[in-house]
Participant: 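Have a look at the structure that comes next, please.
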Amino acid sequence: MNRKKFIKTSSLLMAGGLIGPQIACSSSSENKAEMLRKNWAGNYTYKAEKLYEPSSLTELQELVKKLDKQKALGSTHCFNNIADSPQNQISTRKLNKVLGIDKEQKTVTLEAGIRYGDFAKELDEAGLALHNLASLPHITVAGACTTATHGSGVSLGNLATPVLAFEMVKPTGEIVQIDRSNPEFYGLLVGLGAVGIITKITLQAEDSFQVRQDVFQELPLESLANHFDEIMSSGYSVSLFTNWLDQKISQVWVKRRTDKELVDLGSDFFGAKAAERNLHPIVELSAENCTEQMGMPGPWYNRLPHFKMGFTPSGGEELQSEFFVPRENAVDAILALEKKRESINPELMITEIRTIAADEFWMSPCYKQDSVAIHFTWKQHAKEVMAILPMIEAELAPFAVKPHWGKLFTVSPETLHARYSKYPDFLALAEKFDPKGKFRNSYLDLNIYG
Ligand SMILES: Cc1cc2nc3c(=O)[nH]c(=O)nc-3n(C[C@H](O)[C@H](O)[C@H](O)COP(=O)(O)OP(=O)(O)OC[C@H]3O[C@@H](n4cnc5c(N)ncnc54)[C@H](O)[C@@H]3O)c2cc1C
């Protein structure tokens, strides 16, 4: 039985919002193995025995209060065990409504389990937009905020930065409302699932805008090194893609708002040539599912992500890692990794390089630091990839590298703690909000409590 079929069968067998393997499984051991629930990429099998899918706030509060060990589960797009629990997972899949759009205040209030792709069009139709999106729109708003998920843009903060307020269920089942006036706001929102289950989020939106996307190919690495800031500032949001070979950045995606004065980028962009057709970041793959390029203007939600809303990006046969360094060290960091191309390339599908503006979230890798993020989409060869990561982390250690919380890394807890100046405050906050450790799992035990 495949994963889709399992989910369908399981929902038929669902009782009171609980999907338990003990209910859904047939007796054969082979089927039992197939019934194991995995993350989106399929590289991690959740150990939590039970999965609950509450469809109301009250139902969720009761579960949180009643259950012992538990963890919120969004759209399962993390590549590690951050969303797992030794006992129970509580999916926010059914908490997915738009609760209100305030055109005057330019805000949108959402249930936390909604995915960006599920409300972006409605927001746009109300004349509003979000400042930025991640590369794909299939992730939940709460899952993205709590792991400091980001897009690209020198002046654009991560996806938690437009949050004005949120509602969270504490381990006791009580609800707390937290807004920016609360001194703990910046500790709790990027909370790695350690402090509570977020149920409602209000985002600051802005007037809707259109974006055009122009792609350039074969940017010489030397040109990038000499003009990094100019290149990354040439658009509202810029992404670089490379396989690290040939001293080239294979593609530069420049996303520009059409409500700003636009200069003609020409056909020669710092030595890169304008693409003559839509491209997939991996040039050999079909661009059918990628957002429209070739300078064709379109709504923000159809240009800021790389992949179209209505489309599932791939079967998930990949792994991902991503490393943040201060933007001022971007070129040195990129050149350090380029020297390791022979080790990196065989396991690599593609690297993406993006910029993120500094923010105030205690556990954000961009806390008070304009950053560049160097991302790796790997082949799904876990053993080989895990063997490469320490080398990458060592190359980037001089820049106090921080890994993406939701992707694969091997940086030690001690090193992580030393690189987060607000770590002691976050630890105290986690202990205060979850004194009995209901939300603790092996990921938090290692990386936060360890
Ligand atoms: C194809 C692909 C592309 C990606 N692109 C990007 C990208 O462009 N930029 C980027 O930064 N990352 C990217 N990611 C990583 C991804 O966005 C993050 O890992 C994000 O956390 C996934 O959200 P999710 O809803 O799937 O969360 P899950 O993986 O389900 O959970 C992640 C964490 O959030 C917690 N959580 C979930 N819901 C709640 C809640 N309601 N309250 C409290 N905690 C909660 C979970 O407990 C867990 O700790 C990508 C991942 C994939 C697979």
Side-chain angles (χ1 to χ4, degrees), residues 37-44 46 48 51 54 57 60 64 70-85 88-93 95-96 110-117 132-152 157-160 166-170 188-201 237 239 281 304-307 311-324 349-350 352 354 356 363-366 371 373 375 377 403-408 433-434 439-441 443-444 447-448:
R37 291 181 301 103
K38 292 179 183 257
N39 62 345
W40 173 83
N43 69 300
Y44 182 79
Y46 295 119
L51 173 68
L57 175 60
L60 182 133
V64 174
Q70 55 182 275
K71 199 82 188 157
L73 183 65
S75 56
T76 77
H77 280 77
C78 284
F79 289 84
N80 55 35
N81 57 346
I82 188 170
D84 205 356
S85 162
N88 308 289
Q89 284 173 309
I90 303 182
S91 166
T92 57
R93 194 175 71 85
L95 301 174
N96 61 3
L110 307 156
E111 285 190 323
I114 198 166
R115 301 173 310 162
Y116 289 92
N132 208 359
L133 290 168
S135 65
L136 87 172
H138 307 74
I139 52 176
T140 70
V141 175
C145 291
T146 202
T147 56
T149 290
H150 63 92
S152 191
N158 68 40
L159 301 191
F166 61 100
E167 175 184 273
M168 192 173 79
V169 175
K170 296 206 294 182
L188 292 171
L189 182 56
V190 178
L192 313 178
V195 287
I197 300 195
I198 300 169
T199 43
K200 204 192 280 181
I201 296 192
S237 169
S239 288
L304 293 174
H306 304 326
F307 298 102
F311 152 76
T312 307
S314 80
E317 272 186 36
E318 62 185 58
L319 299 172
Q320 293 187 12
S321 308
E322 189 165 30
F323 298 99
F324 299 75
M349 290 168 80
I350 198 76
E352 180 176 10
R354 292 178 278 186
I356 309 102
M363 295 309 279
S364 160
C366 305
S371 302
H375 163 95
T377 300
H404 191 302
W405 290 112
K407 303 183 182 180
L408 300 177
F433 272 77
D434 186 19
F439 302 130
R440 284 177 71 157
N441 59 10
Y443 177 97
L444 292 176
N447 294 306
I448 301 300

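Indexing begins at 1, ligand by ligand and atom by atom, following the structure's order.
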Participant: With atoms numbered from 1 as shown, which atoms in ligand 1 lie under 4.0 angstrom from a non-hydrogen atom of A83?
Facilitator: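 Within the 4.0 Å cut-off of A83, ligand 1 contributes 31 (O), 48 (C).
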Participant: Could you tell me whether H404 approaches ligand 1 through its side chain, its backbone, both or neither, with non-hydrogen atoms closer than 4.0 Å?
Facilitator: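 For H404, only side-chain atoms sit under 4.0 Å from ligand 1.
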Participant: At less than 4.0 angstrom from any non-hydrogen atom of L192, what atoms of ligand 1 do you find?
Facilitator: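 This gives 49 (O) as the contact atoms.
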Participant: Output yes when the distance from some N or O of ligand 1 to some N or O of C78 is under 3.5 Å, and no in every other case.
Facilitator: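 Indeed, backbone or side chain, C78 has an N or O that close.
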Participant: Only heavy atoms of T92, strictly under 4.0 Å: list the atoms of ligand 1 that pass.
Facilitator: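 Numbered from 1, ligand 1 contributes 41 (N).
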Participant: Using the ring of each side chain (for Trp, its six-membered ring), is F79 parallel, tilted or perpendicular to W40, with breaks at 30° and 60°?
Facilitator: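 Ring orientation of F79 relative to W40: perpendicular.
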Participant: If the cut-off is 4.0 Å to any non-hydrogen atom of W40, which atoms of ligand 1 fall inside it?
Facilitator: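 Within the 4.0 Å cut-off of W40, ligand 1 contributes 1 (C), 53 (C).
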Participant: Which part of T76 is near ligand 1, with near meaning a heavy atom under 4.0 Å away: side chain, backbone, both or neither?
Facilitator: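 Looking at T76 and ligand 1, just backbone atoms fall under 4.0 Å.
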Participant: What are the atoms of ligand 1, with element, lying closer than 4.0 Å to any heavy atom of T147?
Facilitator: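 Ligand 1 atoms under the 4.0 Å threshold to T147: 18 (C), 20 (C), 21 (O), 33 (C).
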Participant: For ligand 1, note which part of R354 has a heavy atom under 4.0 Å away: side chain, backbone, both or neither.
Facilitator: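 The answer is the side chain.
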Participant: Check each atom of ligand 1 against the heavy atoms of T146 and keep those under 4.0 Å away; list them by number with element.
Facilitator: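 Atoms satisfying the 4.0 Å criterion: 33 (C), 34 (O), 35 (C), 36 (N), 44 (N), 45 (C).
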Participant: Ignoring hydrogens, just give me the one of I198, L319, T149 whose non-hydrogen atom is nearest atom 10 (C) of ligand 1.
Facilitator: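 Result: the heavy atom closest to atom 10 (C) of ligand 1 is in T149.
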Participant: Under 4.0 Å, heavy-atom basis, I'd like to know which part of F79 is in contact with ligand 1: side chain, backbone, both or neither.
Facilitator: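 For F79, only side-chain atoms sit under 4.0 Å from ligand 1.
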Participant: I need the atoms of ligand 1 closer than 4.0 Å to a non-hydrogen atom of L73, numbered in the order shown.
Facilitator: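 Selected atoms, number and element: 30 (O).
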Participant: May I ask whether Q320 has any heavy atom positioned less than 4.0 angstrom from an atom of ligand 1?
Facilitator: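 Judged by the 4.0 Å heavy-atom criterion, Q320 does count as contacting ligand 1.
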Participant: Strictly under 4.0 Å, does any heavy atom of G196 approach an atom of ligand 1?
Facilitator: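 It does, in that a heavy atom of G196 comes within the 4.0 Å cut-off of ligand 1.
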Participant: Using heavy atoms and a threshold below 4.0 Å, how should the contact between H77 and ligand 1 be classified: side chain, backbone, both, or neither?
Facilitator: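 For H77, the contact with ligand 1 is made by both the backbone and the side chain.
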Participant: Give the contacting part of T199 toward ligand 1: side chain, backbone, both or neither, where contact means a heavy-atom distance below 4.0 Å.
Facilitator: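 None of T199 does.
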Participant: Nearest heavy atom to atom 4 (C) of ligand 1 wins, so pick from I139, N158, L136.
Facilitator: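 Looking at heavy atoms only, L136 sits closest to atom 4 (C) of ligand 1.
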Participant: At less than 4.0 angstrom from any non-hydrogen atom of I82, what atoms of ligand 1 do you find?
Facilitator: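 Listed by number with element: 48 (C), 49 (O).
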Participant: Would you check whether M168 reaches within less than 4.0 Å of ligand 1, judged by its heavy atoms?
Facilitator: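 M168: no contact with ligand 1 (<4.0 Å).
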Participant: Considering the options T146, I201, I198, L159, which one meets the side-chain contact (heavy atoms from CB on, under 4.5 Å) requirement together with V141?
Facilitator: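 Of all the options given, the one that passes is I201.
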Participant: Is S75 close to ligand 1, meaning an N/O of one under 3.5 Å from an N/O of the other?
Facilitator: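 The answer is yes, given that S75 and ligand 1 share an N or O pair closer than 3.5 Å.
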Participant: Judged by atom type as modelled, is there a donor-acceptor pair below 3.5 Å linking the side chain of T92 to the main-chain atoms of L95?
Facilitator: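 Looks like no, no N/O pair under 3.5 Å.
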Participant: Please confirm whether E318 comes within less than 3.5 Å of ligand 1 when only nitrogen or oxygen atoms on both sides are compared.
Facilitator: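 No, E318 has no N/O under 3.5 Å of an N/O on ligand 1.
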Participant: Under 3.5 Å between some N or O of ligand 1 and some N or O of A112?
Facilitator: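 No; every N/O pair is 3.5 Å or more apart.
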